[in-house]
> 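Structure provided below as structure tokens; questions to follow.
In what follows, chains are A, B, ... by sequence order, proteins preceding strands, each numbered from 1.
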Amino acid sequence: MFKKVLIANRGEIALRINRACHELGVATVAIFSEADRQSLHVRHADEAFCVGPGPVMRSYLNIPNIISAALISGCDAIHPGYGFLAENARFAEIASDHGLTFIGPTPAVISAMGDKATAKRLMAEAGVPTTPGSDIVANVDEARTVSAAIGYPVLLKATAGGGGKGMRAVHAPEELATAFATAQAESEASFKDGRLYVEKLIVNPRHIEVQVLADEHGGVVHLGERDCSLQKPSHQKLIEEAPAPHLDDALRERLHTIATTATRAVGYTNAGTLEFLVTGGDLYFMEMNTRIQVEHPVTELIYGVDLVKEQIRIAAGEALGFTQDDLNTHGHAIEVRVNAEDPNNNFAPAAGTLTTVVFPGGPGVRVDTHVYGGATVPPFYDSMLAKIVAVGRTRESAIVRMERALAETRIEGVKTTVDFCADVLADPEFRAGGVGVAWLPAFLARRTAAV
Amino acid sequence: MFKKVLIANRGEIALRINRACHELGVATVAIFSEADRQSLHVRHADEAFCVGPGPVMRSYLNIPNIISAALISGCDAIHPGYGFLAENARFAEIASDHGLTFIGPTPAVISAMGDKATAKRLMAEAGVPTTPGSDIVANVDEARTVSAAIGYPVLLKATAGGGGKGMRAVHAPEELATAFATAQAESEASFKDGRLYVEKLIVNPRHIEVQVLADEHGGVVHLGERDCSLQKPSHQKLIEEAPAPHLDDALRERLHTIATTATRAVGYTNAGTLEFLVTGGDLYFMEMNTRIQVEHPVTELIYGVDLVKEQIRIAAGEALGFTQDDLNTHGHAIEVRVNAEDPNNNFAPAAGTLTTVVFPGGPGVRVDTHVYGGATVPPFYDSMLAKIVAVGRTRESAIVRMERALAETRIEGVKTTVDFCADVLADPEFRAGGVGVAWLPAFLARRTAAV
Amino acid sequence: MTEDVIAARARALAGALTEAGFARLRVRDGDTEIELRRAPGAVSGAAPSPSSAPAAAAAEVADRPPERRVEVVASDVVGIVRLLRPAIGEGQELDGDRELAYVETLGIRNPVRSRGGGRVSTVFVSEGQPVEYGQPLFAIDR
Amino acid sequence: MTEDVIAARARALAGALTEAGFARLRVRDGDTEIELRRAPGAVSGAAPSPSSAPAAAAAEVADRPPERRVEVVASDVVGIVRLLRPAIGEGQELDGDRELAYVETLGIRNPVRSRGGGRVSTVFVSEGQPVEYGQPLFAIDR
């Protein structure tokens, strides 16, 4: 096991990793920007280094300063969390070059999965169903030929993409040229890589992802699926649950089998998530996230497995302490993201000081947060303040528990997503379960119209 | 199921009951004293009635005002929580007379178990091992005869007793007269009942209790045992865990069997706890608590059963939804009581305003509390601010998790038991597991000497 | 100050008074001074049961100028208000201590007394209304 | 104010400055006034990588009376301090902009410059010492 781990992140996930390290008896080093000096993730770590000013380019993405902090403090490993440098193969490589274990898969796998077109090709080769589509298209003419073959509507996607950037839906041939130019420009601006590929546009699919763990000795297990179909119009997830409701048993098993097969095929190690679009009885591989996900707690609560501890154990060379047969689930879990955002104004992020902070407690409720009464929300970072997770014996009991948890939550000083999420939970269609990714934007539009 | 329940309590247990009711779709009515107007238990209930000023005799023990509040608000049941009126048979009777279901056993059973000598006799009749001792002794001479027969050391105990009041250890015949007079006077003053009985004094036993649930249709189950041996010199529990460590399997099973047998024998219904003294391979029935216990969450966490919801369901006439065979445990849980007390000054209670309140979160941690940053701690009530509960796969992992949870906890404005409990958890003897009730006072003395 | 404000402030101050464990509290706010005194019998936990507790908690409120003393009579039980027949009305002159109403709790009628003479300036409650502990019932100009 | 206090206050103020997103901050406290200005290049996220960022963040502290301007030179990287040989010492006069030390980060030596003349009043660090971003290295009387 490692002696000391540098946590290359901030916020709730930095605290989450700090908890896992401390429970494993591993010392921790936090990094922080000048804007985060008062943050809980700094307070709870054994050591902490300021790595730069508030803006992420100069602090949380500042590779030399972060690696330097790890070396100076005598760390033997780095946990990247999610976001920031978590899927940066170059960062993993530099860490490795300096004798630091990167807690995640190998740089080669990060790199292959990070390039969406490559990932799709590799998965197809491993027998994983992928959305009908092309490899990288050189220009708009090639895109037109391919789109005609696939049949409209299609999606233009950036191979370096993520978070919906460099992505455009095209419903008819005459829209293609403009969409191509826009997507290419956006991708170039966001990722310094303007390469695009074409994919069949699946209308209102469900977003279902499978959690896997793979050790460095050939051990691979899945920890079931999560339904992340409740996404804001920006495609950011807002409410997640596990298991996915109303999923045909055969389809569920197929998802799990495909995930473990693919994990083995690409030589994956550590924790990872394969994202699928599911529509009717069909599933299509979308992408593989080579890191811990924000929504990992819903899986932890029903499997009783600490995924972050497993990440660290795997990176330290340990074999998984369980096989697929040892894993079973209890009940249903649901997560709500409490963001400092205004749901009545396009989820515009809000910064400020939290005057009141009261989180829920009691049975079946887990809160992961880095904020507290009096904390400031800096303007530089992700707007997530907390994850509230509820577990119950059934989906309905988990939802009811979440409703009472949200009713107990009081955050003042900034606008949050708490009340909006409570409205979602109360909606009969959500309650029935199994909605697609188009549901939440439609709900939002209905709600806005009603106000 | 009930439509509306009056919660005849305050603090964290009032919130706990409020949570259970809301998750069952039952409306709630809180009661509060003038000193608790700003408390969370008032804020989260659907309705709330002020029943009197701060002192408990005029508010939380004010039976007419409480029953009146229940009737005025249209409640059909009352949940008493623990403490206050929870084991007051007369209150249960008055509630019943006014058409309100008392969520607990029948007044007759409360009354029988509340009288310690009667309870002991009933248990002995049911074949439960009890401490060698007497029925009520009329005077000091009778006490002397009985004590000689039992053999010193003995305990003089008040039949109406509780919380160590009216209890005296007697190590030799010449101490008896003084001890008898003191215990009698104390019991008379505390309970208006000076009757005493004599019991063999078990030196440094473990305090192990068994949780039972019994419905009104003959269904009885146990939910295993809790080890509550970590008690302050005042005999108040401080740290509890489940299951009890290093307990011989045969002895554990005997405890469980005796508990369910006794529960049936006394016609018990609802949730109850049988407390035993355990020493070596012997066990002795001590008393039965006819209510939910403070430390119930450790059982909930390893059994996955919501005990307060079960209480409500049973009182509403439902049959238990599971049998003994359906129940099984996962892992180990530990609870730390965060009290507003100064461990360096005989756990003297502290009142004041909580300037900073940060509770722990993340995986495997549950917090039950009614306090928040800015809340005041009134001088009238129990000093418990919160219960922090940690669950892990093993005892060691639960303890380690609790250590990191306590490290995350920050309460400023009053002195608390947090650091003291962290010291207890770090002690090798505690870590080894299975200490007796004399251990914590000895640890306290060692710690005080070291300071 | 309106009677509503007097009642609200009196209740808030009564809470503070009890929490602080003091017998008297005076607050000056601009031209207005509010003084609260705990009713003589209403001391900490002395009464074994509320029905034997002395008459309703009193909150005295003084507004100046003009020189006016308003005393709020509050309920010291949880129950249902029963007005007298005929009911005491606003503007009614009281020539000394007298009954103003009852609050019924579990069938027991707890009398509400004026504890002195004056003019009833406000009746805060109506027949059959549920009231909690400390809830203002009448305001009396002394 | 002692140099320790100057350093501590300068760092605290620098944090506040960044959080608030302002370029200049002045605090008067009794006889003492501390003024901080963000170093011209150190603006929000403009620099693509820290090694190409302009010279160290500067914190100017003015104590009056007497009329004295102290400028604190801080590290803008995380690394190990390498003093010059011979090392710049306290009391040393600088006749203009010059190198004071290096901070070594992953084998790269990041020069620390005085950005003007003056007298070195304090050396906060020693050879081989690890420093974080924003950590004061030298105080210079201008």
Side-chain angles (χ1 to χ4, degrees), chain A residues 12 15-25 40 43-44 296-297 300-301 304-309 321 330-331 354-375 386-393 397-405 407-408 410, chain B residues 12 15-25 40 43-44 296-297 300-301 304-309 321 330-331 354-375 386-393 397-405 407-408 410:
Chain A
E12 68 87 18
L15 270 170
R16 174 71 190 85
I17 298 162
N18 197 69
R19 287 168 176 150
C21 288
H22 281 176
E23 292 183 13
L24 288 168
L40 283 188
R43 193 184 296 162
H44 291 319
H296 74 276
E300 292 187 325
L301 281 176
V305 170
D306 186 319
L307 290 170
V308 179
K309 277 192 201 166
H330 301 277
L354 303 172
T355 50
T356 301
V357 174
V358 180
F359 283 115
V365 172
R366 168 175 165 182
V367 179
D368 280 52
T369 186
H370 59 290
V371 303
Y372 53 90
K387 306 188 300 206
I388 299 178
V389 200
V391 64
R393 296 201 153 208
S397 68
I399 293 173
V400 167
R401 186 159 270 169
M402 180 63 83
E403 289 187 305
R404 75 98 180 142
E408 290 177 15
R410 265 188 78 198
Chain B
E12 68 87 20
L15 270 168
R16 173 71 188 83
I17 299 162
N18 198 69
R19 286 166 177 151
C21 289
H22 281 175
E23 293 183 12
L24 287 169
L40 283 188
R43 193 184 294 160
H44 290 318
H296 76 276
E300 291 187 326
L301 281 175
V305 169
D306 187 319
L307 289 170
V308 180
K309 277 192 200 165
H330 302 278
L354 303 172
T355 50
T356 302
V357 173
V358 180
F359 283 114
V365 172
R366 168 175 165 184
V367 179
D368 280 53
T369 187
H370 59 290
V371 304
Y372 52 91
K387 306 186 301 204
I388 299 178
V389 200
V391 64
R393 298 201 154 209
S397 68
I399 294 173
V400 166
R401 187 160 269 169
M402 180 61 83
E403 289 187 306
R404 75 100 178 137
E408 288 176 15
R410 264 188 77 198

> Quick one: list whatever passes side chain to side chain contact (heavy atoms under 4.5 Å, CB included) with B:Val308, sequence neighbours left out.
B:Arg16, B:Ile17, B:Ala20, B:His79, B:Ile292, B:His296, B:Asp306, B:Gln311, B:Ile312
> Identify the two heavy atoms, one from B:Glu408 and one from A:Arg19, that lie closest to each other, and give their separation to 0.1 Å.
OE2-NE, 2.6 Å
> Between B:Arg393 and A:Val305, which heavy-atom pair has the shortest distance, and what is it?
NH2-CG2, 3.8 Å
> For B:Val358, is it the side chain, the backbone, both or neither that has a heavy atom under 4.5 Å from a heavy atom of chain A?
side chain
> Tell me which of these, A:His330, A:Glu403, A:His22, A:His44, has more heavy-atom pairs under 4.5 Å with chain B than the rest.
A:His44
> With a 4.5 angstrom heavy-atom cut-off, which part of A:Leu301 approaches chain B: side chain, backbone, both or neither?
neither
> Quick check for you: to the nearest 0.5 Å, what is the distance between A:Leu24 atom CG and B:Arg404 atom CZ?
11.5 Å
> Name all residues meeting the side chain to side chain donor-acceptor pair (under 3.5 Å) criterion together with A:Thr355; count only those two or more places apart in sequence or in a different chain, and write none if there are none.
none
> Side chain, backbone, both or neither: which part of A:Pro297 has a non-hydrogen atom closer than 4.5 Å to chain B?
neither
> Is there a side-chain contact between A:Pro363 and B:Arg366, using heavy atoms and a 4.5 Å cut-off?
yes
